[in-house]
Amino acid sequence: MTTIKSKVQKPGALAYAKGLLFGPPKTGKTTAGASGAKTLLIELEPDGDVTTSLRGRKDVDVFKPSTPRELQGAVESLHGAEKNTWDFVTVDSITYMVEFLAGDTISKKITADEDPRRAYQKVGVAVNQILGDIMLLPMHVVILSQMKILDGSQEGTPLNPEHGQYPLTLDVSPMVYRMIAPAVSFIGRTYKKREYVEEAGKKKIATGFYVSFDDGGRSPAGSRLELPAEMANFDMNKVAALLTKEGGK
């Protein structure tokens, strides 16, 4: 008989990093999420993988499921026959997963002037089930999400991170948020800013890509790991190495 004693472990003994990155479009979410070596990018957004930083990467494989059943079958395969094929799995994105799973159903309800709330509830359950299975994978996992602003007049509008006028959050339903937020070890907000860099002895303006893990309560950004408040050019390999340093796998 299995006993509790045989299954216990010391606090903080993480084997794999499970995290979430959110932010406006074109702020480096996919690049950061797929920064780990031997990454499987599960791409649900149209052309989400069409980014310059991924071109030529031989350690990133992109899987684009065509049906919800194909997506579920892929997750099942990662738990079974293909569990040792990749070290990192990135899902892009949970915001678009709702459209992928039930976009047609919801659209038909709205077109027919029917109440779509039941359809949204059902797809919320489906999203949580898939996310729950993905979070249990024996590998590092990064979930990507779009960002929304908690202000009725400007919801969804990208916000300059220096201004801080409105609170920011994930662009997901409350049902999905309640499931995913506590399930991950870190939540990072992606953003970009113009900055001066030196090249050949001359300064020029360039675009810097950053991830924030501390927005001072303005967003869900935060980490249970020893990550800095802000990281330039986020690298999942460094997060995985941090786990090893702290006694994980």
Checklist outcome for this item: Taken to the nearest 0.5 Å, the spacing of Met231 CE from Lys238 NZ works out to 6.0 Å

Next on the checklist: I'd like to know if Glu70 and Lys64 make a salt bridge, using a cut-off of under 4.0 Å between side-chain N and carboxylate O.
Outcome noted: no

Checklist entry - Can you check whether Ala34's main-chain N or O pairs, donor with acceptor, with Arg57's side chain at less than 3.5 Å? => result yes

Checklist outcome for this item: Only one of Tyr210, Phe209, Phe22 passes ring-ring contact (aromatic ring centres under 6.0 Å, His included) with Tyr191, and that residue is Tyr210

Item to check | Pairwise side-chain contact, Met175 with Val125, heavy-atom cut-off 4.5 Å (strictly under) | outcome: yes

Checklist entry - Is it true that a side-chain atom of Lys29 and a backbone atom of Gly23 form a donor plus acceptor pair closer than 3.5 Å? => result yes

Checklist entry - Short question: side chain of Thr39, backbone of Leu41 - any donor-acceptor pair under 3.5 Å? => result no

Checklist entry - Do Leu44 and Pro65 have side-chain heavy atoms sitting under 4.5 Å apart? => result yes

Item to check | Donor-acceptor pair, side chain of Lys192 and main chain of Thr207, under 3.5 angstrom | outcome: no

Next on the checklist: Please check: side-chain N/O of Lys38 versus main-chain N/O of Asp61, any donor-acceptor pairing under 3.5 Å?
Outcome noted: no

Next on the checklist: If you define the side chain from C-beta out and look only at heavy atoms, does anything of Met139 sit under 4.5 Å from Asp87?
Outcome noted: no

Next on the checklist: Any side-chain to backbone donor/acceptor pair from Thr90 onto Gly33? Under 3.5 Å, distance only.
Outcome noted: yes

Next on the checklist: Tell me if a side-chain donor or acceptor on Thr190 pairs with a main-chain N or O of Gly28 at a distance below 3.5 Å.
Outcome noted: no

Item to check | Heavy-atom donor-acceptor pair, Asp215 side chain to Gly217 backbone, under 3.5 Å | outcome: no

Checklist entry - Is there a side-chain contact between Leu40 and Phe63 (heavy atoms, below 4.5 Å)? => result yes

Checklist entry - With side chains defined as the heavy atoms from C-beta onward, is the minimum distance between Leu225 and Phe213 less than 4.5 Å? => result no

Item to check | Identified side-chain contact (heavy atoms from CB on, under 4.5 Å) partner of Met179 from the options Val172, Asn128, Val127, Ile94 | outcome: Asn128

Next on the checklist: Quick one about Ser93 and Ser145 (side-chain donor to acceptor, distance below 3.5 Å, no hydrogens or angles considered), yes or no?
Outcome noted: no

Next on the checklist: Around atom CG of Asp115, are there more than 12 heavy atoms from other residues, nucleotides or ligands closer than 6.0 Å?
Outcome noted: yes

Checklist entry - Are Ile180 and Leu170 close enough that some pair of their side-chain heavy atoms sits under 4.5 Å apart? => result yes

Next on the checklist: When you measure from the side chain of Ser185 to the backbone of Ala17, do you find a donor-acceptor pair of N or O atoms at a distance under 3.5 Å?
Outcome noted: no

Item to check | Check: Ala37 main-chain N/O paired with Asn237 side-chain donor or acceptor under 3.5 Å | outcome: yes

